[in-house]
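See below for the structure under consideration.
Please read all numbers here as calculations on a predicted model, not as lab measurements.
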Amino acid sequence: MSQGRGSAVVAAAAVLCLLMVLNSEVAQAATYKVGGARGWTFIVVGWPKGKNFKAGDILLFSYRTGAHNVAVVNKAGYDSCKVPSNAKVYSSGKDQIKLVKGKNFFICTFPFHCAFAMKIAVTAT
């Protein structure tokens with residue numbers, strides 16, 4: 001076998017291994033419906049307890065359009081129930097948000113909703 005073909009075989013094998021690893025990570029991502037059967041609603045703050053989230057998992061925020069929304073906020077926004085000016089706000093009623101590694105914070109921006117525990121903090125490993 002010539003050196004050129006040998007290098008091509010090694011490169012192809014490396015690419016194949018990389019694709020297998022990436023595919024297995026995608027296949028392992030889970031989707032969680034926030035709030036369970038009740039969906040994204042009041043007093044959902046404790047819903048994440050006991051769950052093991054991973055970076056790449058998807059949170060499905062299900063709610064009646066026009067009744068709620070979901071804002072991705074930082075810790076200060078979560079604690080104060082105030083939305084930073086650069087926050088992404090979703091309002092489809094079927095919002096799917098991919099978790100990033102570390103702390104992820106979500107609140108409803110409608111008046112008083114966050115104050116009534118319509119917020120969650122999720123840590124993804």
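- Residues V72 and F105 are not in side-chain contact: their nearest non-hydrogen atoms beyond the backbone lie 4.5 Å or more apart.
- Proximity of K75 to K103: side-chain heavy atoms (C-beta onward) are nowhere separated by under 4.5 Å.
- F53 has its side chain out of reach of T123: every pair of non-hydrogen atoms, C-beta onward, lies at least 4.5 Å apart.
- The minimum heavy-atom distance linking A121 with P48 is given by the pair O-CG, 3.7 Å.
- Linking Ile, Leu, Val, Met, Phe, Trp and Tyr whenever their side-chain heavy atoms come within less than 4.5 Å puts M118 and I120 in one cluster.
- Side-chain atoms of V70 and V89, non-hydrogen and from C-beta on, never get closer than 4.5 Å to each other.
- Atoms SG and CZ, from C81 and F116 in turn, are 11.0 Å apart once rounded to the nearest 0.5 Å.
- With C114, the cysteine C108 has an SG gap of 2.5 Å or longer.
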Run the side chain to side chain contact (heavy atoms under 4.5 Å, CB included) test on Y78 and K119 for me, step by step, so that the C-alpha distance in whole Å, both residues' side-chain angles and the decisive distance to 0.1 Å come before the verdict. CA-CA 7 Å; Y78 179 83; K119 62 181 185 175; 3.6 Å; yes
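- G77 and N74 get closest at one heavy-atom pair: N-OD1, 2.7 Å.
- With a 6.0 Å radius and a threshold of 12 heavy atoms from other residues, nucleotides or ligands, K51 has its NZ atom above the threshold.
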Return all side-chain donor-acceptor pairs below 3.5 angstrom for residues 56-65, not counting sequence neighbours, or 'none' if the list is empty.
unit_1	atom_1	unit_2	atom_2	d
D57	OD1	A30	N	2.8
D57	OD2	K54	N	2.9
Y63	OH	Y90	O	3.3
Y63	OH	S92	N	3.4
Y63	OH	G93	N	3.3
Y63	OH	D95	OD2	2.4
T65	OG1	S92	O	3.1

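- Remark: side-chain polar atoms of N104 are paired, donor with acceptor, to backbone N or O of G102 under 3.5 angstrom.
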Table please: side-chain donor-acceptor pairs of residues 32-45 below 3.5 Å, with sequence neighbours left out.
unit_1	atom_1	unit_2	atom_2	d
Y32	OH	N52	O	3.4
R38	NH2	F42	O	3.0
W40	NE1	N69	O	2.7

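- In terms of heavy atoms, A124 sits closest to V100 at CB-O, 3.3 Å.
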